[in-house]
Structures are given as structure tokens and as C-alpha cells.
Amino acid sequence: MNNKIIVNCDNRETRVAVLEEGELVEVYIERPIHQRVVGNIYYGVVANVLPGMQAAFVDIGLERNAFLYVDDVLLEEGEENNNQGGRKKSIEELLRVGDKILVQVVKEPFGSKGARVTCQITLPGRYLVLMPTVKYIGVSRRIEKPEERQRLKSLGDAIKTEDMGLIVRTVAEGKESDYLSHDLDFLQKMWKKIQHRMNTKDAPALVHQDLNLIYRIVRDLFNDDIDQLLIDTKYEYEKVLEILDYISPSLKNKIFYYRGERPIFEKYNLENEIEKALRRTVWLDCGGYLVFDQTEALTVVDVNTGKFIGSTNLEDTVFKTNMDAAKEIARQIRLRDIGGIIIIDFIDMNSEKHERKVLQTLEESIKKDRTKAHVLGITNLGLVEMTRKKVRQGLDAVLMQPCPYCDGKGKIFSLEVMSGKIERLLKKMLTQEDGEAILLEVNQNVAAMLIGSNGINLKKLEEETKKSIFIRGSDTMHIEKFKVVMIGEEQEVSRLASPVIKGEVYQVKIEEPHLNNPYDGIARIQGFVIDVQAAGAYVGEEVEVEITDVAKTYARARVLKD
């Protein structure tokens, strides 16, 4: 095994990386300015009851009211959400505006949506999860041996109180009754404190806040399967040791304080791995690749052979690519924390045996995921359909924001479209303006399209508008942006349009050979094109030139030799 938990702390954020067999599989990020609310318990007030949605909105003191679905409402003791004839109770029968209720956040706010809450409270400990509002005993689905499941269920039955339920966690496997009793005692005391705060505070109010990221990781993920937990901050390292004294002293020898000169995430190449997880395309070891396309509720994964040509036959090449893809898709889903519906378009396979094997590999790989995920099978179109519970924002939502230029579309207008759009705006604008000339600044590639070969497009535009039009190209301006620099008399606009003066000497870099005459070179000053005679051999070099002629859209120059 090569399983590690890497913790990086600074003033801005805490980052935790989980490695399984040396591969990054999960990343958790928590920032002080964005307080985590999942797991928090609030004493809230019902703000709205919506029969049409069979839900209610609850004021819990956050910016937006929380969403409470009818099935998550806690009924009175001994009562089921079922009336005579099998009809479920409606939301308006269970809640009224102004009711005060205890709720726990199960899904954090997303975009314009508020948090999702439930009245079915759960308090996680090291070995147990206490459920004060139900009475049954559950055992983690990750514990697969029937005899061990039965043993733990019997231990839970023996220690629990009649009015509360328990879930035995995976880490309890092989543990004796003392560990579970100690954990239960701690959780029951916590529940009493929550009830006391609820009885002494006015709603809406926070009555219980879950632990911060590092301590949740120690509680929920740090177990005998982890070889090392490395922390790069001494204070947090010492605090974790104190916690382990209480919950699991045997794990203390696996905690290490990282003192290396290189940042801990760089040491383990995690920065690069996180950046890869933000890309649309993911390359496989075999040479194939995956393409991830995400919407709010649906993610589509496309599998391609890419550079992998195989060595036997097409069916074997496709099978090997799909097998690699199944394992990597499961890892990427965890790493990117993708939730909702996931559709996977594996490469078509002719063999049913191969299809079953790929599906089985995907199912086995997804079992490692702590978040509930289900592979539903292959649709009639040959697509694999699966779901994964959406609890928190995905990695891309935590680390990225929508592009301010394309507004999250991921694409921009082509040069042809933008030049046509600007032409239409110019025509409209110049019919309303009295000035003789206009100076427009645009992206230098759009400028080339507007001007055209030998200035033919610009001449036509000037003939149509009966105005003098000066175009200044800029290498820093976005393709979809442009700026009207000046409208006025032609002489004034012309003087401003050209950044060079005939007879003056300038230091320029020859960027490329002239398109029609490779003997000449092209340089630019503030986006203004300089045709430098006999400079084609100087591409990539800086030279001193003298301006010999200045036109509306470009200038000519000659190289000054030593």
C-alpha cells in the first residue's frame, strides 16, 4: 500500500489531498472566508410552505433560506408519513409558517440555490453515527463480511438507548464494545448540549457547528488503511496528536510533521495533478483520452482511442482503452467530486463479454468512493448511466469561476463574426455622428480582418459610411472587445491613429515574415503594423529601424545597419 493523506495549511486556506496507491483520488479545500455549513445543525423558522413542490423553505440565519423536502420532515414519535389508504402526509399537514424546527444541512448552497436540510439529525463520531430521531441500527455497507456485520449490529443493540438509533462506521470493523461505548457516550453528551442550546436560543440560530476540515479528515478518513498523514504546520500537527490521544492512540505513529524546503503539495506533485483535474481532456496511460463535459445536473464522459493503436486487432485495442478508461473515470469522478447524473460513452464493443468486464471494472473502482454512487447499466443507445450523490461543490466550482469574457460558454466569436459585428456597429454609429473620422482599437487579428488584404475591406467601409476610418490593432485586447478611441476631424484622428512619425527611429522586434513578400519582415508598435524592408531574415530579433512612409493602416521602414 502507498496510501497517504497530505495536509497543507496557510492563512488563506487548508487543503487536504488523499492518495491511494500513490494516486491522487480526493481533494478537500476549506477557506476561512467561506464557512462550511454541511453538517451544521440549526434551530430554524419555517418561512414558506409550498404545496406545489411538497417542500418548505426554512430560515436558518443564512443569506438564502434552506430547502426542506417533505420526506425529510421528522414526524411525531410513533407516526409514519402514511394516512389511511396509504396516502402520504402532505407538507401543509406537517408544517406551518412560523413553526420552529431543528434541521441539519445535508447539501451546501449551489449558485442561486440555498442549502438543503433535513430534520433527521445525524451526529458522526469515530466509530458510530448517532441518530437521535430514529431507533434502528445500521452497519456501514463497506463492511462486507456477514458475520462481522452481525457482530457489530449486536454490539450496537447492546449499547444503544431505546429512543435513539446508530450506524456503525467502517472504522469499527474488528473493534470491541469498549470503543463503541466510549464513542456513544461522547455523542450523547453532544446531543444534550445541542438540545440545551435549542431551548435557550431564539430561532433562527446555529446550535451545532461541525469540526473544521483537518479534524473531520482525522475522524472520517484516517484509519489503519492509511500509511502516513503528513501535516506542514506544527500547530495543527500537535492538535491532531491530541485528538488521536482520545479517539485512536494506535495511529499516532503514522502522523508526521513535514519540514521539507519544498512546499508539501509540490513535493508530491499534487499541484500538477489538481491542474489536470480541471482540464476538459484527460489522457490515459495507454494513449487514449477522456473528455468531460459538465452541466449543473449532468456530466457526459466521452472515451476515445487517441494515440493508442494497439498491437493485435481493433476489438482488443477498444477493449484495453475502455478498461483503462473505466478505472480512470472512477478516479476522476471522485477527484473532481462530480455529482448528479453521469453518462459515459465508452467506445463501442462487439463482444458482450468485454462489455460486462468493462462495466464490472467500473463498478469495482467506484466502490472505493465514500460518496454514494450507483452504476445503473447500459442504455439502449449503448451508453453507461450512473448517479453520484451531490453533497458539495465540485473541484472546478471551488477553484475556478466563469470566464468574464465568454460568460462561461467556453467559446468566443470567430474573427470573421467579430469583424462583421464591428462593421455593422460602425455603420450604425457613423450615421449618428458628425465627425469626419473615427479611430477604433480592436484585437490585432480582428483588425487584420477589418482592414483586409491591401486595405480593400476598409476602403469599402469608408465608401459606404462616407467617413475616414482608422483601425488600431492591439495584442492585449480580447477578440470580442473593441474601443472607440476618438471621433473628430480627420487631421486630429490621423495624428492619434499612428504611433510612429516619418523619419523617426524605433527599436522593434521582427515578429514574422511579410505574408505576400517573405523578403520583408513585420513588426508592430502598439498594434500598428510596420512593414520593414529586407527584414525577413531578422524574424525573432530586435532591430533599429527608420520610418520611411506612414499610411492609414501601416507604415514602411528600413533597417538601420551598424
Could you tell me which non-hydrogen atom of [X] sits nearest to which non-hydrogen atom of [Y], and how far apart they are?
{"X": "Glu26", "Y": "Leu221", "answer": "OE1-CD1, 4.2 Å"}
{"X": "Asn40", "Y": "Gln209", "answer": "OD1-CA, 3.4 Å"}
{"X": "Arg141", "Y": "Lys372", "answer": "NH2-CA, 3.7 Å"}
{"X": "Leu130", "Y": "Trp191", "answer": "CD2-CB, 4.2 Å"}

Any chance you could lay out the salt bridge (charged side-chain N to carboxylate O under 4.0 Å, His left out) test for Arg169 and Asp183, step after step, and finish with the verdict?
CA-CA 11 Å; Arg169 307 191 72 174; Asp183 210 28; over 6 Å; no
Is the count of non-hydrogen atoms from other residues, nucleotides or ligands lying under 6.0 Å from Tyr215 atom OH greater than 12?
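Yes - once you tally the heavy atoms of other residues, nucleotides and ligands closer than 6.0 Å, there are more than 12.
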Counting only heavy atoms not in Glu352, do more than 12 fall under 6.0 Å of its CD?
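Open.
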Using a distance-only test with no angle check, is there a side-chain donor-acceptor pair under 3.5 angstrom linking Tyr127 and Glu173?
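There is no such pair between these side chains.
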Examine the side chains of Glu364 and Thr361 and answer whether a donor and an acceptor come within less than 3.5 Å of each other.
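Per modelled atom types, Glu364 and Thr361 side chains form no pair under 3.5 Å.
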Test item: [X] and [Y] side chains (from C-beta on) under 4.5 Å apart, heavy atoms:
{"X": "Val73", "Y": "Leu95", "answer": "yes"}
{"X": "Leu62", "Y": "Tyr42", "answer": "yes"}
{"X": "Met131", "Y": "Leu166", "answer": "no"}
{"X": "Asn3", "Y": "Glu21", "answer": "yes"}
{"X": "Tyr69", "Y": "Thr118", "answer": "no"}

Those residues that, when tested against Asn272, pass side chain to side chain donor-acceptor pair (under 3.5 Å) (two or more places apart):
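Expected list: Asn269.
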Holding to side chain to side chain donor-acceptor pair (under 3.5 Å), I want the full list of residues that pass it with Glu148, two or more places apart in sequence or in another chain.
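With neighbours one apart ignored, the set is Arg151.
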If you draw the axis of the six-membered ring of [Y], does the NZ or CZ of [X] fall within 45° of it and under 6.0 Å from the ring centre?
{"X": "Arg15", "Y": "Tyr28", "result": "no"}
{"X": "Arg336", "Y": "Phe292", "result": "yes"}
{"X": "Lys175", "Y": "Tyr179", "result": "yes"}

Mind telling me whether Phe67 and Phe57 have parallel, tilted or perpendicular rings, with 30° and 60° as the class edges?
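Phe57 and Phe67: perpendicular rings.
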Could you tell me whether [X] and [Y] make a salt bridge, using a distance below 4.0 angstrom between a side-chain N and a carboxylate O?
{"X": "Arg356", "Y": "Glu363", "result": "no"}
{"X": "Asp396", "Y": "Arg280", "result": "no"}
{"X": "Asp369", "Y": "Arg388", "result": "yes"}

Return the set of residues passing ring pair (Phe, Tyr, Trp, His ring centres under 6.0 Å) with His478 (not counting sequence neighbours), or none when no residue passes.
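Checked His478 against ring pair (Phe, Tyr, Trp, His ring centres under 6.0 Å); matches are Tyr405.
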